[in-house]
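The structure appears right after this line, and notes come after that.
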Amino acid sequence: MRASTTPSEYFTPFLSPLTMALLEVDSLVKHFPGSRGRTVKAVDGVTFSLERGQVLGLVGESGCGKSTLSRLIMQLLPPTSGRVLLEGECLSSLPPAVVRRRRLDFQMVFQDPYASLNPRLTVFSTLSEAIAARHPGMVGNRTACTEAVAALMKRVGLDARAMRKYPHEFSGGQRQRIAIARSLAPEPRLIIADEPVSALDVSIQSQILNLLQGLVRDLGLTMIFVSHDLSVVKYIADEISVMYQGKLVETGPAEEVFHHPRESYTRRLLDAVPRIRFGGDRFPPG
Amino acid sequence: MLRAKDSFSCLFMLSMENLKTFFHTREGVIRAVDGVSLELSRGGSLGIVGESGSGKSVTCYSLLRLLPMPPARFEGGSACFEGRDLLTMPVKELRAIRGRRIGMIFQDPMTSLNPYLRVSTQLTEPLRVHLGIGKAGALDQAVAALQAVGIADAEQRIHSYPHEFSGGMRQRVMIAMALITRPDILIADEPTTALDVTVQKQVLDLIGRRREELGTAVIFISHDLAVVSGVCDYVHVMYGGRVVEAAPVRELFENPLHAYTRALQRSIPALQEKGKPLYTIPGMPPDLSRPTPGCAFAPRRPARARAACLANHRPELVETSPGHWVQDCPGCRDAGLDDAF
């Protein structure tokens, strides 16, 4: 970004002229050595592809491998076998320094906004650092930085006047907004959100879900939304993949999976969603 | 229900009257709990629902005096357990109640178990300290307690360290530990928030089952109305350190009277339609260091309703039908003033 760009120009959709799938995951496998010589097959042959602008909901209980899969896609873990392709380029074979630069295109939002933000950096420092990663020219240009940070904060529904504050001065929901802003700052094409609302109050979850949905719509983002809660994923995802013991056991359009699950495991996940015992038709279906 | 007079207090095992717990900080006085009353009968189950910062946890921590003092201070009220005030009794006597008669489960089982001690040590400690049971006898009981919460292979697993258990299993250990002395009351502070939905269901079922088997009364704290609805018979909804509505669980869901209760119900993601933006409660939770003289929920009401909210004095709880209490604020009680419900 040049210093002359206005904040509104800064957040134009990150479009690409290519027509191939944005992300391709090809028979990805990750085995960990377990106790007593056993092997833990955390991810055991996962294949899927993700089109531009699509939101994939990845659902499963803890231990099913969904976080390992996210980390493999993020290139935070080397796979045992298989490939991850972003815009046709195989990330798994790139040298680490190149991956680091390439990672500007795929960013992650973590579960716990109390742990994922540096407590000693102000919101301004956190965000301007992430913006400068994409725009090295902005380093030292304080006015441009301030403008970009303000635009970013506004985009995620935060008051830009709070940019000199530290993470502890914000509530859980606001911190998650900061974490989302941080992941948006390098203008990524793909966002992996790993349980982004699980640590939040039910009433705050809706706010963050609305925000993410708006960002996907307005910025043309592609997203993998990881969660253990099918009822939350239902809203945001176009497609849902259900993961069980390292494998994708069911994939389909969100409404379809939610209302007509084919697999018994998916039905079990749905049954676990807490229901209100009364109130007739306002029960979640399933 | 909420204002038991002294003559009634024997009806309830626990009766909290007008509790006020304030935190004295450099930024000022934070009125975390500002006049909360509740009663719990033997074997009953009570839910406390509210957002972060509504004072629900502080209410329960106050009961067992688990808050650091200072900065916390009781500014008024009492909490009578079998006729004795928990808030003023000598610490020595309180220790005989805490962990023995009143057990507690915390939100995060990783930080509430001691990582340096084997589960066996932690599980047998209450038996040995409170009941004076010998080492071998205590271990037998501890193994039985683990089996009762559905941990397979309990004889071996009991000698493991907490990190060798998964999150759900750790919470089971916590439940076993809290119930091992067969307390009269179990306080569960968001016991399933850190857990997966499938594990959450198992843990909730477990609490329900053990409650039936042992006749333990439960105080269940959660931000999730759906979770509370499955566990509790009676629910208090807290907002800004006060109870805004209290009712039997069915009544609360079928006939919510306070705007905040209605808003909480609407904001459960599982109950909303796909495609539309999710309903969210506008505005922010109140700043408890600057209490408003009037209705605390008014700033989050639509303009038309806000105009009707009490501005100069705090709304008091009134009983509208047997057992159903609601803050008497004209702007919040009238569902017609809610926008687009």
Side-chain angles (χ1 to χ4, degrees), chain A residues 35 59-64 111-112 157 171-174 195 197-214 217 227-238 254-255 258-259 265 268-286, chain B residues 49-54 107-108 164 166-168 190 192-202 204-205 222-232 248-256 260 263-282 284-285 300:
Chain A
S35 58
V59 191
E61 17 178 12
S62 57
C64 77
Q111 172 171 358
D112 186 355
S171 69
Q174 287 171 327
E195 306 260 13
V197 300
S198 306
L200 305 174
D201 273 12
V202 172
S203 51
I204 309 296
Q205 289 183 5
S206 302
Q207 296 176 7
I208 297 300
L209 289 172
N210 280 342
L211 170 67
L212 289 173
Q213 205 149 34
R217 196 184 50 228
S227 177
H228 63 261
D229 191 342
L230 257 175
S231 67
V232 166
V233 169
K234 182 192 71 169
Y235 282 95
I236 192 129
D238 305 310
E255 291 276 305
F258 193 75
H259 292 289
Y265 177 69
R268 235 171 64 216
L269 269 185
L270 277 170
D271 285 341
V273 173
R275 265 150 241 268
I276 288 176
R277 287 185 293 175
F278 339 93
D281 55 350
R282 286 192 294 165
F283 277 61
Chain B
V49 182
E51 295 173 283
S52 313
S54 61
Q107 175 166 351
D108 186 351
E164 298 176 71
S166 68
E190 308 238 12
T192 60
T193 303
L195 306 176
D196 269 17
V197 277
T198 40
V199 184
Q200 164 170 293
K201 189 172 153 64
Q202 293 163 5
L204 293 178
D205 289 348
S222 180
H223 64 86
D224 192 339
L225 266 177
V227 167
V228 163
S229 82
V231 185
C232 303
V249 63
R250 186 177 204 109
E251 169 78 5
L252 190 82
F253 281 98
E254 289 177 354
N255 186 24
Y260 182 59
L264 269 187
Q265 277 188 32
R266 282 179 70 190
S267 64
I268 298 175
L271 299 183
Q272 301 192 47
E273 241 178 275
K274 188 181 164 86
K276 287 194 236 164
L278 296 165
Y279 171 79
T280 57
I281 308 174
M284 300 266 290
R300 304 181 75 175

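Below, each value reflects all heavy atoms present in this structure, side chains not excepted, and no hydrogens, waters or symmetry copies. Predicted model, so just to flag it, every value in this text is computed and none were measured. Protein chains get the first letters and strands the later ones, always in sequence-line order, with residue 1 at the start of each.
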Check: B:Ser52 main-chain N/O paired with A:Asp201 side-chain donor or acceptor under 3.5 Å =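 Yes, A:Asp201 side chain to B:Ser52 backbone: donor-acceptor pair under 3.5 Å.
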Can any side-chain N or O of A:Ser206 pair as donor or acceptor with the backbone N or O of B:Ser267 at less than 3.5 Å?
->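 Pair found, side chain donor or acceptor close to backbone of B:Ser267.
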Between [atom1] on residue [X] and [atom2] on residue [Y], distance to nearest 0.5 Å:
X: B:Leu278; Y: A:Ile208; atom1: CG; atom2: CD1; result: 11.5 Å
X: B:Lys201; Y: A:Arg268; atom1: NZ; atom2: CZ; result: 11.5 Å
X: A:Gln207; Y: B:Ile281; atom1: CD; atom2: CD1; result: 8.0 Å

Identify which part of [X] has an atom lying under 4.5 Å from any heavy atom of chain B, answering side chain, backbone, both or neither.
X: A:Ser203; result: both
X: A:Ala254; result: side chain
X: A:Gln174; result: side chain

Between A:Leu209, A:Ile236, A:Asn210, A:Asp229, which shows the greatest number of heavy-atom pairs under 4.5 Å with chain B?
->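 Ranked by contacts with chain B, first place is A:Asn210.
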Mind ranking A:Gln213, A:Glu195, A:Glu255 by heavy-atom pairs under 4.5 Å with chain B and telling me who comes out on top?
->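 Of A:Gln213, A:Glu195, A:Glu255, A:Glu255 has the most heavy-atom pairs under 4.5 Å with chain B.
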Heavy-atom distances under 4.5 Å only: say whether B:Gln200 touches chain A with side chain, backbone, both or neither.
->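 Contact with chain A is through the side chain of B:Gln200 alone.
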List the atom of B:Glu51, the atom of A:Ile204, and the distance in Å for their closest heavy-atom pair.
->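 The answer is OE2-CD1, 4.1 Å.
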